[in-house]
Novice: 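Can you read through this structure? Questions will come right after.
Residue numbers start from 1 in every chain, and the chains themselves are labelled A, B, ... in the order their sequence lines are given, proteins ahead of strands. Here the structure is a predicted model, which means the values were calculated and not measured.
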Amino acid sequence: MTAVNLGEEIVFWFSGGLAVLGALGLILSRKAVHSALWVALTMINLAVLYVANSAPFLGMVQVVVYTGAVMMLFLFVLMVVGVDSSDSLIETLKGQRLVAIVLAVGLAILLVAGIGAGLTDVVPVGLDEANGVDGGNVQGIARLLFTDYLVAFEVTSALLITAALGAMVLAHRERWLPRASQEELSKARFIGAGHPGNLPSSGTYARHNAVDTPALLPDGSPSALSIPGPLVARGDVRPVDHHEVEQIESLGGGSK
Amino acid sequence: MTPWLTILAVVPLIGSVLVVLLPKSRPTLAKQLALAISLVTLALTIVMALQFNGASNEPFQFVESYPWIPAFGISYSVGVDGIGLVLIALATTLVPIVVIAGWRDVDATSGGSVKGYFALILAMETLMIGVFAATDVFMFFVLFEVILIPVYFMIGRYGGPQRSYAAVKFLLYSLLGGLFMLASMIGLYVVSAQVTGQGTFDYLSLVGLEMDPMAEKLLFLGFFFAFAIKAPLWPFHTWLPDAASASKPGTAVLLIGVLDKVGTFGMIRYCLPIFPAASEFYAPVVIGMALVGIFYGAYVALNQNDMKRLFAYSSMSHFGFIALGIFVFTTVGQSGSVVYMVAHGLSTAALFLTAGFLMQRANESSLISDFGGVNKAAPVLAGFFMFAALSSLALPGLVSFVGEFMVLLGTFQRYLFVGGIATLGIVITAAYVLRLYQKTMTGPLAPKLVGMKDLGGREVIALMPIAALTLVLGFFPAPILNVINPAVDRVMTTIGATDPSPTITSEGSGK
Amino acid sequence: MPAAGVFSLIWLLIALPLFGAAVLLLGGRRTNSWGPYLGVLTVVGSAVLAVLMLVAMMGHPAEERSVGQTLFTWVFADGFQADMAFQLDQLSMVFVLLITIVGSLIHIYSIGYMSHDADKRKFFGYLNLFVAAMLLLVLANNYLLLYVGWEGVGLASYLLIGFWQIKPTAAAAAKKAFIINRVGDVGLSLAIMVMFVTFGSVSFSDVFSQAGEASEGTLTAIGLLLLLAACGKSAQFPLQAWLLDAMEGPTPVSALIHAATMVTAGVYLIVRSNAVFDRAVWAAGAVVLIGLITIFMGAIIGSAKDDIKKSLAGSTMSQIGYMIFAAGLGPIGYVFAIFHLLTHGVFKAGLFLGAGSVMHGMKDNVNMRRYGALRGLMIVTFVTFMAGYLAIMGIPPFAGFWSKDEIIHAAFERSWVIGAAAILGAGITGFYMTRMIAMTFFGKARWEDDVHPHESPAVMTIPLVILAIGSTFLGMALLFWGNIETWLEPVVGFSSNPTPLSSTTLMAITLVVVLIGAFIGWRQYGSKPVPVDAPSGNWLTRAARRDLYGDLVNEVVVVRPSFTLARWLTWFDSSWIDGFVNGSAAFVGGASGRLRRTQSGFARSYALSMLGGAVLIVAALVLVRLS
Amino acid sequence: MNSIAAATVDVPFTLPIVDYNAIAPILILLGAGVVSVLVEALLPRGSRRFIQLFVVFGALIAALVWLCTITGVRVVTAEGAIAIDGPALLMQGAILVLALLGALLMAERSLDPSGDVFAARASSLPGSEDEKQFTARGYLQTEVWPLFLFAVSGMVLFVSANDLLLMFVALEVMSLPLYLLAGMARRRRLLSQEAALKYFLLGAFSSAFFIYGVALVYGYAASTQLPVIASVLTAKPGQTSLALIGMALILVGLLFKVAAVPFHQWTPDVYQGAPTAVTGFMAATVKIAAFGALMRVLYVGFGGMRWDWVPMMWIIAILTMLVGSIIAISQSDIKRMLAYSSIAQAGFILVGVIAASPAGLAGALFYLIAYGFTTIGAFAVISLVRDESGEATNLSKWAGLGRRSPLVGGVFALFMLGLAGIPLTSGFIGKFSVFAAAIASGDTWLVIVAVVASLIAGFFYVRVIVVMFFTEPGPQTTSVVVPSAFTTIALAAGAAVTLVLGILPQPVLELVSNAGLFIR
Amino acid sequence: MNPANYIILSAILFSLGAIGVLVRRNAIIVFMSVELMLNAANLAFVAFARMNGNLDGQVAAFFVMVVAAAEVVVGLAIIVTIFRSRRSASIDEPNLLKY
């Protein structure tokens with residue numbers, strides 16, 4: 001499979017188009033989960049393109065590792081951090097979006113121009129020969145992995161260990177007490193001076209749901225419970241705009 | 001052969017370390033030790049100077065050389081010619097005087113560490129000796145730069161209210177010059193590598209190096225810039241008034257009296273012999289700067305209400321004379337410049353120390369308007385003040401006159417009008433110096449000063465040697481001239497300059 | 001001739017008073033009691049030595065009377081050399097005598113005059129310093145060493161004018177004297193430099209022996225520069241302004257320095273440099289002109305001042321004007337310039353000391369309008385003062401007659417115009433001196449209530465008497481017994497030209513003019529009561545009272561512009577030069593403040609700049625390559 | 001170099017040739033990392049710290065010792081993936097020694113009353129009860145040690161990677177643990193976590209550029225091995241636009257690591273937020289590793305395109321020097337200031353890199369070594385100055401420090417002077433070496449810009465001295481804590497090297513010049 | 001069809017990934033965009049491998065995948081940590097370190 005035939009061309013335009021579509025979806029989706037799904041689309045289509053490029057092994061790996069494992073991990077974490085946390089698409093940094101797009105388009109143009117200049121009239125050598133040497137694509141890759149790329153291959157193990165270790169260190173919540181039973185927990189909640197229910201989230205009068213904005217109690221005063229300890233300790237709490245509270249109150253009919 | 005110069009430099013260094021190691025609770029011991037060390041150094045200097053052979057044909061004496069960083073052709077090389085010798089002698093003479101004069105400048109209550117101050121003085125002495133003795137350009141540069149650090153601490157830590165600003169300004173200004181010199185010095189090294197195949201920093205190998213005229217001019221500028229800042233020449237002088245007014249008198253003496261001489265020393269030692277053609281090319285510019293500086297400094301001094309700033313501007317004016325003498329390329333002018341360096345060191349010391357004693361008696365105020373009528377209350381102090389003032393205005397019979405007149409003569413010899421104009425400077429000098437004396441020492445006693453004491457024994461002991469040297473060398477400058485003249489002749493030969501001969505020559509003239 | 005015998009002690013002439021000065025100034029309070037006597041002794045010692053040398057010198061034939069002594073090489077470099085060396089010749093000799101003898105008398109006088117001053121030790125120290133410097137000035141064998149003495153006397157003058165520096169006026173006067181003298185010194189410096197570049201040497205012998213080979217332009221330049229120097233030191237126009245203020249100093253100082261010796265250094269300089277002036281006609285002409293102008297300026301000022309010392313100071317200016325004038329006349333005048341210098345030194349010292357004696361009795365009041373009728377109370381002073389009075393007016397046979405007459409004679413030898421001017425000057429002298437005598441010793445007493453005039457003690461009057469004797473006989477002694485003309489001729493040369501009028505006629509005319517002046521003075525001040533408060537007077541009087549606006553001119557032309565320039569430069573220094581330095585620091589600081597804002601804390605904006613950087617790098621590489 | 005020969009299916013598998021002797025230091029570190037992980041997994045909590053320290057120091061020292069035995073080795077091994085040459089050995093040695101010092105700092109536990117520099121449990125919520133409890137119980141996050149070892153092995157591999165792909169892997173091995181370590185500070189944990197996030201995201205972004213660049217270069221040269229790329233470049237001089245763009249993108253990735261403008265902005269935030277010990281370690285070693293890789297890529301791989309990359313690097317060097325120096329002036333946090341300083345220093349080193357001559361390489365190596373020791377020492381001092389809330393990094397709290405603790409103040413002043421390049425400190429010789437190389441290569445104007453930047457940089461170094469020595473101490477609680485032997489040794493070593501390299505640099509200068517060039 | 005089209009596609013995806021990094025604020029999406037950029041690189045590797053006729057490119061892509069996987073784990077761990085202490089996954093919110 002040295003030259004590009006019509007079938008491949010169709011595959012290219014179809015899968016390539018979908019891949020770009022997925023990339024655009026990643027950028028444009030309001031919800032993170034949607035973005036993740038769009039990326040998954042891109043990756044599956046890339047897998048197709050790999051196969052089309054004489055890389056069946058990589059195509060499979062792409063599906064299994066990327067779409068299967070990596071993207072699932074992403075989704076998983078997205079669930080943890082809140083599925084519904086939809087991202088506002090209003091840009092807060094001045095000019096960021098415009099400049100970003102201009103620069104990225106510029107980069108694309110430069111790359112395309114450079115590639116165009118560098119790859120005029122290239123006849124692909126094709127991988128038939130290379131794949132054939134060891135009796136197949138997988139064998140070929142395997143041979144390379146254990147010869148030329150032996151060190152890299154071995155060293156990636158360090159990478160994986162690091163990853164595992166990092167996940168453990170940062171995400172694993174160790175206990176310093178034996179796990180409390182549900183009974184104990186409910187008792188503790190009501191007997192102790194703590195807050196029996198959920199901690200207040202940003203309330204009726206909230207204009208902002210950032211972590212440093214206190215929830216407002218019905219009387220308009222801020223709730224100390226609604227702010228994470230470190231922020232309080234650092235004095236990084238956004239003050240309550242009482243003027244605004246009154247304004248909202250008056251909108252709501254002014255009844256107290 | 002005894003490694004005189006190394007010994008000379010190491011003794012104060014060891015002293016400095018010892019002083020630092022003394023317990024904090026024994027400030028007096030630190031002072032005594034510092035004094036002893038500095039006196040030993042002075043004694044060693046005298047012993048060494050007596051062995052100096054003025055008639056020798058060697059460019060340098062007491063030469064030592066050991067490889068230091070062979071990778072760059074850098075060696076630890078020291079040696080002195082007459083110019084280096086007298087400047088080293090100046091430094092080692094002034095240090096004990098400064099120690100004595102500064103006996104009470106620092107005490108633990110004023111927030112400074114006593115031993116620190118004296119250790120810094122001794123460290124400075126080492127570096128000053130080194131900088132005048134170095135015959136390796138790299139080594140010279142290193143010392144030239146490192147010496148900033150003790151001065152920086154002496155100003156910044158022990159100075160007056162504006163000390164931080166002044167110290168930083170001093171350091172950065174000097175660093176700027178130093179960095180350009182560094183670039184030039186590297187350039188010189190590269191040139192030497194291209195010319196001789198083996199890069200070197202050895203002074204004698206660099207003298208007479210053939211180089212591209214354009215490169216020579218550029219390299220000259222780097223060196224000159226550093227020296228012009230250090231000296232300081234107009235218009236690179238504005239760090240000096242700030243540094244002077246923020247310094248303790250002792251610091252100011254060492255800074256202006258000795259350290260700034262490195263600038264003019266550098267011009268005559270490095271700029272001229274290494275870059276003769278460029279020196280000649282830029283001489284008109286330098287002479288212009290010097291001339292402007294002479295009058296500019298004097299006029300600004302005329303309008304100062306702060307004694308230390310006045311001295312600083314006056315020094316700038318004097319440095320104008322020194323630079324002038326160097327860049328007119330006459331034997332008389334260059335000899336005069338060297339004499340002037342020594343003289344200026346002495347007169348600066350006298351001025352700053354006397355003013356310092358005066359200020360101690362007036363709550364450290366250095367404002368001229370705070371004084372008046374001191375002569376009545378403290379005649380000895382006023383007498384020394386007068387002497388210092390006269391030394392500053394180059395009264396004939398004092399060594400500053402010898403220097404100044406030779407500079408003017410040498411200038412006049414080469415450039416009639418420049419010499420003529422520069423001579424007018426002596427009037428303005430007299431005007432600001434005497435105005436200062438009149439305002440501070442004469443008239444009715446200022447109310448603040450009622451009950452002030454005259455100079456005590458220690459203070460007189462500090463000032464006496466300066467006065468004596470100023471006077472003795474004024475009438476008998478031969479000890480300096482004897483060693484300077486051969487060195488200056490060598491410089492003149494190196495740069496290929498000849499003195500203009502008198503319009504009338506006959507057997508009866510000349511010597 | 002090398003120094004031998006007593007001449008090997010030339011250095012001692014200077015060393016003695018110098019030693020005295022050193023002991024007195026360094027010794028501190030310990031010398032309070034005996035110090036003044038040491039001061040007197042050292043000067044007297046020098047005087048004795050000088051007399052011995054004179055005797056020795058007279059024992060030599062005229063051409064061998066110049067003695068040199070070289071101590072050591074002083075300033076030297078390749079091609080330049082100035083020795084610490086002395087030259088005692090006939091010219092120096094007369095100066096040495098004048099300085100040491102008059103100096104001794106004034107020292108002695110000062111013992112009395114300064115007896116109540118707490119700082120008299122210092123006073124004597126300064127006086128000794130002055131004598132040493134003055135001797136160095138006249139004994140130096142080269143211009144550079146002369147310069148040392150030249151500024152040395154300036155320094156002593158500065159110190160002594162400001163001796164009572166607790167008075168701000170005294171301090172200011174001292175400073176003024178020094179600075180104006182410095183202007184003159186510039187002239188001397190430059191003259192020395194021109195000599196060096198021309199002759200390659202600054203010693204008298206080299207310069208004079210080669211003077212003939214130099215171009216006239218060079219010699220004129222040297223001459224004019226020397227004249228500038230002389231103007232400064234001798235208070236000649238236009239550098240005259242300091243002398244009147246210098247009267248702030250104690251009276252013996254005025255007598256010694258500002259009348260008898262130092263102010264005549266200019267005359268010495270010109271006469272000493274006769275080899276130059278003889279060949280520089282224009283320079284000599286300028287000397288004559290300056291002398292003439294000053295004769296009249298001094299005389300006019302002297303006629304209007306009510307301060308007895310300032311009046312005498314004006315007179316001094318005028319008389320030195322005569323000397324300068326004479327020196328400018330060339331070989332016909334040099335000798336008489338020196339002659340007048342000597343007689344003037346003596347009688348003017350006497351007059352000043354007399355004035356001091358009067359002041360001593362009048363509680364230091366110097367206003368002549370508060371004097372009057374003192375002749376009966378201060379008989380010695382009066383008599384000695386009269387001797388000086390007659391001498392300065394040039395009444396025969398007093399000293400001034402001989403010397404001034406010779407100058408007028410010499411002036412006529414040059415031209416009758418300047419001769420007539422000289423005679424007119426003599427007439428004004430008669431006027432102001434008579435005015436002084438009349439106001440001080442005659443008329444009615446106009447003393448203030450608490451003043452009780454009395455004669456001064458013997459230690460003061462004895463010098464007065466000696467000086468009065470000198471005033472009376474010195475002229476005749478020098479002229480007839482001393483043969484001043486032949487004595488000085490080997491050094492300065494001498495010649496005489498025929499005059500349009502006979503010398504007797506000239507003498508008579510001069511006398512008549514002087515007497516007319518004296519008569520006018522008497523009519524004005526002797527025969528009429530003198531008002532205690534000065535009448536406003538005519539414009540000339542008003543101008544003269546303000547020193548003919550000399551200070552005003554200096555103020556407007558020099559001082560104020562200088563200070564304006566100084567202020568402007570200070571402003572320039574702080575706002576422009578330092579402003580540039582601090583401005584560049586501020587600029588970098590400002591740039592820092594703005595640049596750090598780019599570090600917004602937003603990771604995305606960091607990423608943006610990374611992308612920007614990447615695009616730029618790629619673009620640069622690709623575009624450079626593709627273009 | 002491609003080992004795939006034209007052969008049949010039956011071609012026997014030939015073992016790759018690996019010079020284990022030459023890469024033993026790398027292997028020792030990797031092995032130690034694995035052991036370290038096992039220690040975490042298997043040993044009881046109480047004994048871990050001691051064992052971990054033993055493993056870490058043992059591994060570092062063993063690697064160093066091994067390194068000393070192979071100083072003469074110049075070999076390309078592992079089928080062309082690894083080049084052990086003079087510069088690589090030198091930088092490996094430097095990284096190891098500095099890592100040793102960094103480990104000393106990280107092991108310090110007598111400064112903070114509650115434990116070492118890392119959070120008791122990085123996973124606990126800042127300010128939570130969990131955190132308090134873990135702290136009170138004296139928990140230590142000993143997992144930092146395997147991470148540390150992996151980071152070091154990544155660096156050591158990075159400087160000798162001769163294959164862009166291996167370089168990429170090594171880059172990640174080096175970076176990932178550092179991202180994690182940056183986020184584990186005991187105090188000011190929010191800042192620390194923020195630093196980790198920024199470092200990670202931007203680091204990942206930059207490595208994307210790097211790998212894309214590798215891809216393009218691969219497209220051009222059909223290989224990722226630097227010597228092959230170089231020979232292909234000479235073989236087909238036209239048609240290089242792919243290589244050009246690829247190189248540019250690779251440079252983006254590497255310049256990010258060396259903190260060159262405009263890829264520098266992570267530096268201040270990360271340096272400030274990360275635990276000071278980690279910052280010191282990172283500042284010293286990553287700089288060496290990144291410059292090592294950068295120089296290898298530029299000299300070995302793209303030496304033939306020198307005239308393409310030199311002008312670009314000129315601009316980057318100038319920007320880096322100026323921007324770093326200028327912004328540092330207005331910093332009030334001392335860690336942040338040192339971060340900007342490290343940017344400026346990167347610019348100075350780039351001056352040496354641009355010289356592209358043996359002298360330039362030697363100069364840059366010297367500068368890196370000098371800078372590494374000085375900067376790690378400086379951060380060690382910062383870790384000593386504390387008030388009740390932890391390290392007092394605000395400059396205003398350092399007022400009068402030099403008067404109260406002259407020794408610590410003096411040592412810090414020495415480091416500042418060293419960084420400012422005052423003679424008789426290592427920084428001066430470093431500057432001298434790179435400037436000399438640059439002028440010899442004709443980059444005079446670059447040196448003049450560098451000189452101006454040095455002056456600007458001088459200002460803020462000097463200002464620290466002003467604050468420490470010339471300012472009256474205010475009424476505050478900042479004090480200098482007396483450290484244990486760990487920090488003391490690191491500090492002393494930093495100070496000693498700063499001085500010795502300033503006064504007697506000859507041995508090290510010989511070392512760097514004898515290291516010779518990168519082998520191809 | 002020119003095989004260079006694959007590379008052009010990869011360039012476009014790379015640029016889109018870059019845009020994603022720059023314009024999205026959710027840290028996870030930003031990170032996904034980085035992954036997209038890595039994938040673009042992989043596509044380039046694979047396509048180049050075919051053009052050059054050796055398998056090194058495919059191996060490279062393989063390594064990139066491994067690295068990306070490890071990176072994802074570490075990155076997500078960091079993001080989770082941040083989220084836990086700030087209750088936000090926006091990368092604009094951690095903005096204490098600046099200037």
Side-chain angles (χ1 to χ4, degrees), chain C residues 75-78 562-627, chain D residues 194 197-202 204-206 208-209 212-213 216 238 240-253 255-256 260-269 305 307-309 311-313 315-316 319 322-331 336 339-340 452 455-456 459-460:
Chain C
V75 179
F76 54 94
D78 250 17
S562 291
F563 275 95
T564 309
L565 180 63
R567 267 192 298 279
W568 187 82
L569 282 179
T570 312
W571 170 83
F572 178 78
D573 196 56
S574 58
S575 4
W576 284 93
I577 298 194
D578 207 27
F580 176 78
V581 174
N582 289 336
S584 24
F587 171 77
V588 174
S592 176
R594 274 189 294 282
L595 269 179
R596 74 187 286 220
R597 291 280 143 191
T598 60
Q599 188 79 18
S600 61
F602 294 109
R604 288 190 301 134
S605 91
Y606 300 173
L608 185 67
S609 73
M610 284 171 64
L611 179 63
V615 171
L616 284 180
I617 291 179
V618 174
L621 285 179
V622 171
L623 295 180
V624 167
R625 179 55 74 93
L626 292 183
S627 62
Chain D
E194 180 180 335
L197 179 69
K198 286 179 175 172
Y199 194 13
F200 168 73
L201 280 178
L202 296 172
F205 191 52
S206 79
F209 279 97
Y212 198 77
L216 295 184
T240 51
S241 64
L242 270 186
L244 213 55
I245 297 174
M247 179 188 75
L249 296 180
I250 291 172
L251 287 182
V252 171
L255 290 174
F256 173 86
V261 176
F263 314 105
H264 65 288
Q265 287 178 305
W266 61 277
T267 322
D269 293 3
M305 285 169 47
W307 299 116
D308 288 303
W309 57 260
M312 176 198 93
M313 293 294 279
I315 294 165
I316 287 179
L319 278 177
L322 288 178
V323 170
S325 310
I326 290 177
I327 303 189
I329 286 178
S330 54
Q331 296 304 313
R336 220 172 157 73
Y340 282 110
V452 173
L455 180 75
I456 299 171
F459 174 74
F460 57 81

Novice: Can you see which heavy atom on Met610(C) is nearest to which on Ser206(D), and at what distance?
Specialist: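 Scanning both residues, the minimum pair turns out to be CE-CB, 3.6 Å.
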Novice: Grab the two heavy atoms, one from Ser592(C) and one from Ile329(D), that are nearest each other, plus how far apart they are.
Specialist: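 Heavy-atom minimum between the residues: OG-CB, 3.8 Å.
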Novice: Highest number of heavy-atom pairs under 4.5 Å with chain D: which of Gly612(C), Ala591(C), Gly601(C)?
Specialist: Gly601(C)
Novice: I'd like to know whether CH2 of Trp571(C) has more than 12 heavy-atom contacts from other residues, nucleotides or ligands below 6.0 angstrom.
Specialist: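 Buried by this count: over 12 neighbours within 6.0 Å.
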Novice: Distance check, rounded to the nearest 0.5 Å: Phe209(D) atom CZ versus Leu611(C) atom CG?
Specialist: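 Rounded to the nearest 0.5 Å, the CZ-CG separation comes to 5.0 Å.
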Novice: Under a 4.5 Å heavy-atom cutoff, which of Leu249(D), Leu197(D), Thr240(D) has the most pairs with chain C?
Specialist: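 The candidate making the most pairs under 4.5 Å is Thr240(D).
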Novice: Out of Ile327(D), Val323(D), Ile326(D), which residue meets the side chain to side chain contact (heavy atoms under 4.5 Å, CB included) rule with Arg596(C)?
Specialist: Ile327(D)
Novice: Starting from the C-alpha separation in whole Å, work towards a yes-or-no answer on side chain to side chain contact (heavy atoms under 4.5 Å, CB included) for Ile316(D) and Ile617(C).
Specialist: CA-CA 9 Å; Ile316(D) 287 179; Ile617(C) 291 179; 3.7 Å; yes
Novice: What heavy-atom pair brings Pro262(D) and Ser609(C) nearest, and what distance separates the two atoms?
Specialist: O-OG, 3.4 Å
Novice: Please look at Leu202(D) and chain C and tell me whether the side chain, the backbone, both or neither of the residue comes under 4.5 angstrom of a heavy atom of that chain.
Specialist: both
Novice: Would a 4.5 Å heavy-atom cut-off, applied to side chains only, mark His264(D) and Tyr606(C) as touching?
Specialist: no
Novice: Name the region of Tyr340(D), side chain, backbone, both or neither, that has any atom closer than 4.5 Å to a heavy atom of chain C.
Specialist: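 For Tyr340(D), the side chain is the part near chain C, not the backbone.
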Novice: Quick one: closest heavy-atom pair of Ala603(C) and Lys198(D), and the distance?
Specialist: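 For Ala603(C) and Lys198(D), the tightest heavy-atom pair comes out as CB-CG, 4.0 Å.
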Novice: Heavy-atom pairs under 4.5 Å with chain C are the metric here; pick the option from Trp266(D), Phe459(D), Phe263(D) that has the most.
Specialist: Phe263(D)
Novice: Can you tell me how far CG of Leu621(C) sits from OG of Ser241(D), rounded to the nearest 0.5 angstrom?
Specialist: 11.0 Å
Novice: Which bit of Ala620(C) comes within less than 4.5 Å of chain D, counting heavy atoms only: side chain, backbone, both or neither?
Specialist: neither
Novice: About how many Å separate CD of Gln599(C) and CZ of Arg336(D), when rounded to the nearest 0.5 Å?
Specialist: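 Result: 5.5 Å between the selected atoms.
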Novice: Please report the C-alpha distance between Gln265(D) and Thr598(C) in whole Å, then the side-chain angles of each, then the deciding distance to 0.1 Å, and finally whether the side chain to side chain contact (heavy atoms under 4.5 Å, CB included) criterion is met.
Specialist: CA-CA 9 Å; Gln265(D) 287 178 305; Thr598(C) 60; 4.1 Å; yes
